Amino acid sequence: MSKTEQLVGKMWSGRFREPLDTAFEQWQRSFPFDWRLLAQEVAASKAHARMIAAAGVLDGVELAAMLGGLDRVSANAATDGPTMVASAPGAEDIHHYVELELTVEIGELALKLHTGRSRNEQIATDMRLFVREAIDAAVDGLRAWAEALLESADGAGEAVMPSYTHMQRAEPVLVAHWLLAYVAMAERDISRLKDARARMNYCPLGSGAVAGATLALDREIAARELGFDGPTANSMDATSDRDFLLEFTQCLATMGVHLSRFAEEITLYSTAEFGFVELPEAFSTGSSAMPQKKNPDFTELLRGKCARLVGASTTLTVLMKGLPLAYNKDLQEGQEPVFDAADTARGMLKILPGFTRALKFNFARMRAAATTGYLNAMAAATYLTGKGVAFRKAHEKVGNAVRFALESRRELNELTLEELRQFGEEFGEDFFAAITLEATLDCHDVVGGTNRERVRTALDEARERLAQPAPAASVP
Ligand code: ARG
């Protein structure tokens with residue numbers, strides 16, 4: 001045991017006569033993964049030091065020495081996890097590590113840092129700081145994706161494609177309209193993450209182990225220092241609450257579902273059967289067996305990574321469901337899925353905007369698919385309602401006309417007026433103008449519809465909403 005380890009000991013060894021089982025000791029350590037919380041632990045420790053100094057536990061000189069020591073601990077630490085972990089084999093967790101290292105820096109004064117605090121509030125604080133930063137990163141990534149989608153939508157102009165319901169061709173839509181559907185999902189993801197951020201932005205420091213600090217601390221000091229909106233309201237809740245981890249992973253799981261749906265559509269539309277989009281070579285790979293292949297690896301992996309995000313939120317939910325108040329060691333198991341989900345989301349969002357920009361649409365194929373197969377049948381029925389026919393009746397008349405056209409392999413606009421009149425005397429010369437591609441798009445003249453003017457407006461509005469300033473990156 002090093003001199004420092006003798007000094008700091010096991011953090012809790014006073015009450016014990018027997019040493020820990022060595023396998024158990026190693027197994028229960030969280031340092032092999034919570035080393036990632038070094039920046040947060042140091043920031044929270046500095047905030048705590050200021051709080052206990054204000055309560056008279058440290059004088060000005062001691063506080064300055066402690067703050068300087070904590071900065072040196074963070075500056076001297078190995079930047080990669082395995083080296084940091086190997087450098088302190090006796091450290092149980094990141095809290096223990098920082099205390100050990102602080103003792104190396106400032107000697108016995110370091111032992112005063114733990115006055116009036118508990119690791120239970122420390123880990124609750126560190127994780128909040130970690131999640132807050134991860135939320136900001138995810139929001140930035142989603143914004144970048146939404147911007148890439150807006151650029152593609154802008155570039156698509158008045159290009160059209162079929163929309164599908166039940167995966168059967170339904171009505172023509174603007175390609176821009178389709179892309180804006182994903183912008184809407186990204187905006188909801190952003191809003192959900194911001195909501196979660198606002199709810200979690202309270203500081204547990206001063207909650208103690210469970211019942212509140214045993215010193216009369218001014219908790220506002222630490223809250224302010226760490227960029228929180230204030231101290232948490234209840235010490236039992238604050239030390240055991242992990243709602244913010246649940247919400248964070250749930251937000252990411254929902255985001256993952258959106259990314260996965262996009263990935264699925266691109267995968268499908270890039271097949272020879274659809275031929276709507278060409279996969280960018282920079283994001284695809286070949287097959288070692290079949291020389292002709294270009295595989296949609298990026299979109300397939302997006303779909304796959306979504307499973308991990310859903311997995312993280314499931315782990316957190318199951319972890320929490322049976323826990324009595326307040327802190328329980330089970331909570332330590334909540335860290336790794338959160339780290340993994342944050343990393344996974346970061347990785348997905350880093351590549352997605354560039355991939356989206358690199359997609360090359362085959363507008364001719366999309367248009368051909370949108371102009372065959374009676375996608376204007378609904379517009380045709382709407383035309384008849386304009387002539388005073390009840391929609392149910394109009395539906396039937398157009399249905400009959402479609403069946404007739406199918407038999408001679410023609411589209412509705414290829415039928416003669418005479419032929420059409422067999423199915424309804426309301427069909428007039430103006431019918432053909434009402435079922436052109438443009439008319440079929442423009443008859444959806446409602447907010448959120450695929451009318452060309454409406455889509456132009458929707459694009460401008462989305463652009464404006466996304467130009468609102470991003471939340472400030474907030475980890476001190
Ligand atoms: N490593 C622990 C965790 O992640 C820190 C809190 C430990 N508290 C305790 N009372 N053993 O949950």
Side-chain angles (χ1 to χ4, degrees), residues 134 137-138 140-153 155-156 161-169 175 178-186 188-190 193 249-315 336-363 365-366 369:
D140 286 348
L142 280 162
R143 261 172 203 281
W145 182 43
E147 274 155 23
L149 287 164
L150 288 180
E151 269 174 43
S152 295
M161 66 186 289
S163 64
Y164 298 83
T165 64
H166 313 273
M167 209 54 223
Q168 305 287 326
R169 283 184 202 170
V175 172
W178 167 63
L179 291 167
L180 281 170
Y182 286 101
V183 174
M185 293 181 223
R188 281 199 301 280
D189 289 330
I190 290 172
L193 284 161
T249 51
Q250 284 160 357
C251 288
L252 291 188
T254 306
M255 178 199 86
V257 169
H258 296 152
L259 268 49
S260 186
R261 292 182 73 184
F262 179 70
E264 170 60 13
E265 287 210 288
I266 299 299
T267 307
L268 211 53
Y269 292 164
S270 71
T271 57
E273 283 72 9
F274 276 88
F276 287 179
V277 65
E278 182 158 350
L279 289 173
E281 285 193 10
F283 298 90
S284 312
T285 65
S287 154
S288 56
M290 296 166 278
Q292 86 284 8
K293 295 264 304 243
K294 182 164 72 172
N295 293 329
D297 293 55
F298 176 63
T299 51
E300 290 175 302
L301 279 172
L302 272 187
R303 275 192 324 221
K305 299 276 182 198
C306 168
R308 288 169 75 140
L309 297 178
V310 173
S313 98
T314 307
T315 303
E336 284 171 289
V338 168
F339 296 152
D340 186 62
D343 291 345
T344 300
R346 222 182 262 257
M348 293 161 94
L349 290 169
K350 185 168 174 211
I351 301 172
L352 189 54
F355 171 84
T356 302
R357 278 195 184 87
L359 289 172
K360 292 227 169 5
F361 296 108
N362 185 336
F363 292 132
R365 287 274 308 225
M366 291 170 126

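What you are looking at is a predicted structure, and each value in this text was computed from that prediction instead of being measured. Residue numbers run from 1 in the order of the sequence given.
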| request: Evaluate the criterion side-chain contact (heavy atoms from CB on, under 4.5 Å) for residue pair Leu349 and Leu259; output intermediate values, then yes/no. | output: CA-CA 9 Å; Leu349 290 169; Leu259 268 49; 4.2 Å; yes
| message | Could you report the tightest heavy-atom contact between Pro291 and Ala289, atom names first, then the distance? | response | CD-O, 3.3 Å
| remark: To the nearest 0.5 Å, atom CZ of Arg188 lies from atom NE2 of His258 at 5.0 Å
| query | Taking C-beta and beyond as the side chain, do Tyr269 and Met161 meet within less than 4.5 Å on heavy atoms? | reply | yes
| request: Check Leu279 against Ser284 and note the closest heavy-atom contact, atom names and distance. | output: CB-OG, 3.6 Å
| request: Looking only at non-hydrogen atoms, find the nearest pair between Ala146 and Val183 and report the distance. | output: O-CG2, 4.1 Å
| query | Donor-acceptor pair, Lys305 side chain versus Met348 backbone, under 3.5 Å? | reply | no
| field | Interatomic spacing from OH in Tyr164 to CE in Met167 - rounded to 0.5 Å | value | 5.5 Å
| Partner residues of Glu300 under the salt bridge (Lys or Arg N to Asp or Glu O under 4.0 Å) criterion, sequence neighbours left out | none
| task | Search all heavy atoms of Ala134 against all heavy atoms of Ala342 and return the closest pair with its distance. | result | CB-CB, 4.0 Å
| task | Start with the C-alpha distance between Cys251 and Asp189, add both sets of side-chain angles, then the distance that settles side-chain contact (heavy atoms from CB on, under 4.5 Å), and finish with yes or no. | result | CA-CA 7 Å; Cys251 288; Asp189 289 330; over 6 Å; no
| Which distance, rounded to the nearest 0.5 Å, do you find between the CG of Asp340 and the OG1 of Thr249? | 11.5 Å
| Under 6.0 Å from the CZ atom of Arg303, do we count more than 12 heavy atoms belonging to anything else shown? | yes
| field | Backbone of Ala137 reached by a side-chain donor or acceptor of Arg346 within 3.5 Å | value | no
| remark: Heavy-atom nearest pair, Ala345 first then Leu309, reads N-CD2, 4.3 Å
| query | Rounded to the nearest 0.5 Å, how far does CG of Asn295 lie from OG1 of Thr285? | reply | 5.0 Å
| At what distance, to the nearest 0.5 angstrom, does CG of Leu301 lie from SG of Cys306? | 12.5 Å
| field | Heavy-atom check, side chain of Pro280 versus side chain of Leu359, under 4.5 Å | value | yes
Do any side-chain atoms of residues 270-278 form donor-acceptor pairs under 3.5 angstrom with protein atoms, and if so which ones, sequence neighbours left out?
| residue | atom | partner | partner atom | Å |
| --- | --- | --- | --- | --- |
| Ser270 | OG | Ile266 | O | 3.2 |
| Ser270 | OG | Thr267 | O | 2.9 |
| Thr271 | OG1 | Leu268 | O | 2.6 |
| Thr271 | OG1 | Phe274 | N | 3.4 |

| task | Nearest 0.5 Å please: distance from the CZ atom of Phe262 over to the CG atom of Leu352. | result | 6.0 Å
| For the residue pair Phe283 and Phe355, does the interplanar ring angle fall in the parallel (under 30°), tilted (30 to 60°) or perpendicular (over 60°) class? | perpendicular
| query | If you count the non-hydrogen atoms of other residues, nucleotides and ligands that lie under 6.0 Å from NZ in Lys350, is the total more than 12? | reply | no
